[in-house]
Amino acid sequence: MHWREGSGSGCDSRRLRPRMSPSTSRGRDPASAVAAKAPVLTIDGPSGSGKGTVSRLVAHALGWHYLDSGALYRAVGLAAAWEQIDLSDAEAVAACAARTAIRFDGEGEGEPRVWVNGKDATHQLRMETAGAAASAIAAHPQVRAALTDLQRSFRRFPGLVADGRDMGTVIFPDAPFKVFLTASAGERARRRHKQLKEKGVSVSFDGLLHEITARDERDASRAVAPLKPADDALFLDSTGRSIGEVVQQVLAVVPWSSAEDPPARPSGPR
Ligand code: DC
């Protein structure tokens, strides 16, 4: 986890229980709570758009925290599968979400390790089966509700880069900086294929393209928090662009990303 404060060790362990956000839990009035909120850069988009890599690099460049919301859905899908819960049973999966412990471990530009109920699930979570399970459970409003407060609790100074599908529309609608990152389905499948190959996972390209297209369709057509750009998001198509180029385009959205002195963090509670 890109976690510079609070955890000390760079680790962050959270159980999926509804909780007050740090700013509201201390009885502050709403106006000062909003004024004191850490900035958020939301990066939403379909699978394989490069969101994960771009978000981590941008968070690292800014020195901000990083939330990989897809990993939370993947972790809940995996935990539900371990418990042999029927993924179409919304209540049972939401209850499973509430008792699942997820820990992100590791800072910097690389992928954090993810621990689910004490097991290192990093590798398993990146498999297409985990992505498909995540997409299936993510369609349940109860499961999304179980994850909402947890995701918002990642908002901390000096700032947060939040990567997902509904970061700019539902979770952080007041985020000052929003990007919607996409790429053609063919390019996304090619990137995912290369990524999996590098990790020693062998999958067929055609199968992957089919899987990605089906998942996009499911994510974009679900009734609750569908994959779509926020009205105030910058739309970026990364087809044919290098990661470095896209990172620069995203960084340009944050006005002080190249400034020597970012705005000072307000004193008092976060
Ligand atoms: O970003 P990802 O591929 O790791 O996400 C896995 C699935 O989780 C994706 O198909 C849809 C779901 N998801 C979601 O519904 N909302 C989010 N904010 C993040 C992911």
Side-chain angles (χ1 to χ4, degrees), residues 16 40-56 59 66-81 87 90 93-94 97 100 102 104 111-114 116 121-155 160-173 175 178-183 185 188-189 191-193 195-196 199 201 203 208-230 233 238:
L16 309 184
V40 180
L41 165 63
T42 61
I43 305 185
D44 288 309
S47 46
S49 57
K51 272 179 309 128
T53 308
V54 168
S55 300
R56 277 195 307 276
Y66 168 54
L67 166 61
D68 175 2
S69 62
L72 300 180
Y73 286 96
R74 286 170 184 260
V76 171
L78 188 63
L87 299 187
V93 179
T100 299
I102 302 171
F104 293 98
E111 267 188 59
R113 300 206 78 73
V114 190
V116 181
T122 315
H123 183 70
Q124 250 182 302
L125 289 181
R126 292 331 309 169
M127 308 292 279
E128 288 309 302
T129 44
S135 175
I137 62 143
H140 302 314
Q142 297 92 325
V143 174
R144 304 199 74 83
L147 292 174
T148 298
D149 286 349
L150 173 73
Q151 292 172 91
R152 291 185 178 147
S153 74
F154 280 78
R155 185 177 196 163
L160 174 71
V161 177
D163 148 7
R165 303 292 190 288
D166 61 342
M167 298 294 99
T169 51
V170 176
I171 303 298
F172 302 109
K178 297 181 185 177
V179 169
F180 190 86
L181 187 61
T182 190
R188 291 189 284 121
R191 287 177 187 164
R192 192 67 115 191
H193 193 245
Q195 211 176 38
L196 289 171
K199 288 181 183 167
V201 182
V203 285
L208 205 52
L209 180 60
H210 177 76
E211 185 71 47
I212 279 180
T213 315
R215 182 136 64 96
D216 289 351
E217 175 68 29
R218 203 164 44 231
D219 293 344
S221 63
R222 67 181 175 224
V224 58
L227 168 68
K228 64 166 189 186
S238 68

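Both counts, for ligands and for their atoms, begin at 1 and track the order of listing. Heads up: numbering here begins at 1 and tracks the sequence.
- Residues that satisfy the side chain to side chain contact (heavy atoms under 4.5 Å, CB included) test with Leu87, not counting sequence neighbours, are Ala80, Ala133, Ile137.
- When side chains are defined from C-beta on, Arg144 does not count as touching Val170, because their heavy atoms never get closer than 4.5 Å.
- Considering only heavy atoms from C-beta on, Asp219 stays 4.5 Å or farther from Pro46 through its side chain.
- Gln195 is linked by a side chain to side chain contact (heavy atoms under 4.5 Å, CB included) to Thr53, Arg192, counting only residues two or more places apart in sequence or in another chain.
- A side-chain N or O of Arg218 and one of Ser135 form a donor-acceptor pair less than 3.5 Å apart.
- Listed by chain and number, Lys51, Ser69, Gly70, Tyr73, Arg74, Arg126, Ala134, Ser135, Ala138, Arg144, Gly164, Arg165, Asp166, Met167, Arg192, Arg215, Asp219, Arg222 each place a non-hydrogen atom less than 4.0 angstrom from ligand 1.
- Scanning for salt bridge (charged side-chain N to carboxylate O under 4.0 Å, His left out) contacts around Arg74 gives an empty result, with sequence neighbours left out.
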